[in-house]
Amino acid sequence: MKVLTPRELPELFAALETPGAHMLAGGTDLLVRLRAAEREGRALPQALVRLDGVAVLRGIVREADGSLRLGAAATHAELLAHPLLRQELPELAAALCELGSPPIRNMGTLGGNICTASPAGDSLPPLMALGAEVELASLAGTRRMALSDFITGPGRTSLKPGEVLTAVIAPPARNFQVRHFEKVGRRGALAVAVVSLAALVRLERGRVAEARLAWGSVGPTVWRCPEAEAALMGQRLTLTALGRVGAIVRENVRPIDDIRASADYRRQVAGNLLLRLAVL
Amino acid sequence: MPRLSPPRADALSKATGAERYAFDVLPEGCLHAGAYRPGAALGVAHGRVRGVDASAALAVPGVLRVLTAADVPGPNLHGIMHKDQPVLCGEVIRHAGDPVALLLAETPEALRAGLAAMRADIEPLPGVFDPEAALKRGAPLVHQGRKDGNLLLRAVIEKGKAKAALKAAAVVVRGEFSTPVQEHAFLETQCGVAQMLPDGILHMTLSTQSPFRDRFEIGGALGLDPFKIRIRAPHLGGGFGGKDGATVQCLLGLAALNTGGKPVRMAWDREESILAGFKRHAVRLRCALGAEADGTLTVFDCRMLFDTGAYAHLGGEVMELSMEHASGPYRVPHVRVEGRCVYTNNPIAGAFRGFGVAQASPAFEGLMDELAAKLGLDPLALRRKNALTRGDENCSGVRLTGSTDLCACLDAVAGHPFWTGREDWRKSAPPFTRRGVGLAAVFNGMGYGRGLPDMAIAKVELTEAGEFLVYNAVADMGQGNASAFALLAAQELNQEAASVGLVMPDTERCHPSGSSSAGRSTYTFGNALVRACAALRHKLISRAAMPFLCDTLDGLELEPGRVVHRPTGRAMPLSVLARFLPHDDRICVAEFLMPVAQDISGSARGFMIGFPHLLFAYAAHLARIELDELTGRVRVCDYVCATDGGRVLTRQGFDQQAQGGAAQGIGFALFEDFRLDQGRTLTSDLTRYLIPTALDVPDTVSLAVDGCEDSGPHGLKGVGEVGLNGPAPAIASALRHCAGLRLRQLPFTPERLLKALSKARPAKARRSA
């Protein structure tokens, strides 16, 4: 297997033309899958194209409109070490803090977490709640789309052959007073989320003027619940109100059973987690 | 004087990565062997082997041979007590990890490609996956031709009149409990290297807890002379019982017979380790505990059902120890315990730290908490009142003549601020959180028990260079017994511990001394070693008398590096003394046989060997926890172990055993949820089978009680296992304290806890107090 290490975008695009080439971001998912493929006698890619050498794919930059542009090949640890992330995107920082373990965060990248498109991807609920967009580039040019459109199913994205996810753009969210992320895993580290919730709530005179709620691990992709968001409008964040909305969540959510938890548990907890937003 | 508590002898080499484990051994030109286990991929746990197709595998470049049952020269059966496990299955696979072929390849890559290209035709047979179903008439038989069908062993302990006592008891509490399969999950998976040398000796370096017994396992299965097998056991990267018995041994021996004299390595990857390795037995228990109105225990009655999986391995022996500990470390005059151990088509169960006792402790301690609640007694006082002390008769009718300091353990935790402050802790719970403190009293027998001599033979040598060398014959799987041996020898020989060298177990250079198991390693071998060292010390002083021209031994002493004659102040370096002595004279050998119970007033039926035990380690544990009402997650915030291990040789070694046992026990209690479906393992790797991480285990406070076991080397007892038995009952006790939950099915997963919470009381937020 060949391993290519381009330094610039044009080199990267050229490398991706190699027959049987596969992109390698942090490798924390891909290498595990390649090992399993080898064990089961399935075909391996002929070449791996590393993204970590392409400088423009890393770092955080503030855009003119106040958005933050996060390099797709930036590692989770790099993002966490950046002061802008913790100041401006606390829900994403909270998610990345619990992603994997220190070695995984040193290797894994934000773009990798997105393109793996797991319903349990830890960065996805906060990015969805933030209304993040992705930037995609290829020899044909650059395009932008909402992250919610980019991920089309479990393990599926709108990425075209020869195209690279170059950046994630998170719009400013300073007017949301409540910014929350919680991951429920089966242990404190190296755990796949059983349920997670990212919540952004904007209050006006103590009442909800806008609510964005995004759950991980309760459906094939990150799940939003417009019924719950609508039901929160005009409410104060009391236990009673949140309990009522939690019931709406439990009615609408369609989780599955798997090795980590039952559908019933996920349904119950998906509703329960809203109670953490209560102003006690 | 030598320092009393030097660092472990293996600390530096392990911390720097210099220590060479069996996994690291890779001789020049080494071939690679791997087992083909078709059941998992085919989804078959019980099936008839109709054919094995190796043609595609043999076409892979670098694949040299594919061996099947027909190539096994001997009886093709192994097993510690019952020879019922084939090295390679020729007719039937009895669990999803059974091997039907062994591949030899030039490289690991070729081996993997070869294994992926193997095909087998397996006709599925009806399987049996539940131990109760396995006992029903007409259940599919795991082994044909057995008089008792799927029942491996039934045994009974009877003391007094349990039935009548239950009727007469002022109060009786009952419960059904279950504990799951547990995976050892050692860092170093099962592995080894073997080579047949031209002199006809099969040389093996193995990650094994039982090098001496391995020779007979391999020899018996393959029809080889066990004395023409030499086994070396370097430091293990973990064992916990899972490397007691044949893992790679027989397969690797078979491989070495077919390489034309080349060395061959076998190392299981994690998936194979989980698929084919031995596990902790899953157990169901149905118990009743009776007492007088003042809390004095009168009767304990229990039925246990053990799932041993496809092969006997140590199933009967694990069950025996579980039965012996079933009623807890308490005085109970009337006891009846009945155990049944059953074959199924599940993975093979075997030895695991806390050997059967970890399965019994949640039941006896759960019922003690239930009894305390029913009688309105303080749970610690109830335990203290009934705790076994020296001179008592235990539930098997054994008079406890050895050190029995459970009361001191209970007193140590009774005065601990976590216990005295438990109501403050409960009241200080933040919103959506419950806080509780739980207690457990536990014990664990030491040694093999009656009928199987628990013996060790130690050899110590003064080298020609004047240094001391201990021939350690009991494998060190990380518990630190090798370091303890160096220290015991240094103390006995009055030398610096760092100056005592260690030979690691080697069947050619060391004497047979049993397995590294049963809390016996340091106790039994240590006793033999202290005797050997005392003999060597006396010998060296005597030999020095001649060159010193002394006509008595008075005033002659062994000092670090020399012998001195006190009256004259003359000294002779050991390097000089050594040259006076022929090689044979610089060696002392001594043995020790662990004492066993003499008079057993109770009656027991069905046991073959290994029952009962005379010596026990004791402990009292405290767990301080938080339970999240919204998710059912438990956080163990603080943990305290007070352990009676007799006299402490080194605090570091003692504390590490307590802390390691607690961590593994916390995993057993909360995280480790081994899942099977029709005999297939769903938790097939470490992303699905979750052991606790550093974030899930608190700093554990280890307290030592001041004790002394007179029969132990320098007063010590083995403490390797007792620590694992505490966390499950202590955490269950804390869950009862914080939320009134009565949990009897392990592990206590968030899912089970949330369900139990919703039944107990609907989740509601409380403002912090």
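Order of the sequence lines fixes the chain letters, A, B, ..., with proteins taken first and strands second; residue numbering starts at 1 for each chain. Not measured: the values here are computed from a predicted model.
Residue A:His82 qualifies as enclosed at atom NE2: its count of foreign heavy atoms under 6.0 Å is above 12.
Looking at B:Glu272 and B:Arg270, no side-chain N of the basic residue comes within less than 4.0 Å of a carboxylate O on the acidic one, giving no salt bridge. One finds no salt bridge joining B:Arg37 and B:Asp98 here, because no Lys/Arg side-chain nitrogen approaches an Asp/Glu carboxylate oxygen to under 4.0 Å.
The only option from B:Leu741, B:Asp673, B:Leu753, B:Val634 that meets the side-chain contact (heavy atoms from CB on, under 4.5 Å) definition with B:Phe748 turns out to be B:Leu753. Under the side-chain contact (heavy atoms from CB on, under 4.5 Å) rule, B:Leu757 has a single partner from B:Leu627, B:Leu735, B:Leu630, B:Asp628, which is B:Leu627.
Both the backbone and the side chain of A:Val184 come within contact range of chain B, judged by heavy atoms closer than 4.5 Å. Both the backbone and the side chain of A:Arg276 come within contact range of chain B, each with at least one heavy atom under 4.5 Å from a heavy atom of that chain. Contact annotation for A:Ser101: neither backbone nor side-chain heavy atoms come within less than 4.5 Å of a heavy atom of chain B.
Interface remark: of the candidates B:Thr687, B:Asp685, B:Leu690, B:Leu690 forms the most heavy-atom pairs closer than 4.5 Å to chain A. Of the residues considered (B:Leu115, B:Asp269, B:Leu686), B:Asp269 shows the highest number of contacts with chain A, using heavy-atom pairs under 4.5 Å. Residue with the most contacts toward chain A among B:Leu695, B:Asp696, B:Leu670, B:Leu682: B:Asp696 (heavy-atom pairs, distance under 4.5 Å). Interface check for chain B: of the options A:Ala261, A:Gly188, A:Ala278, the most heavy-atom pairs under 4.5 Å are formed by A:Gly188. With respect to chain A, the highest number of heavy-atom pairs below 4.5 Å among B:Arg688, B:Arg633, B:Arg112, B:Arg675 belongs to B:Arg633.
Side-chain N or O atoms of B:Tyr36 include none that pairs as donor or acceptor with a backbone N or O of B:Leu103 at under 3.5 Å.
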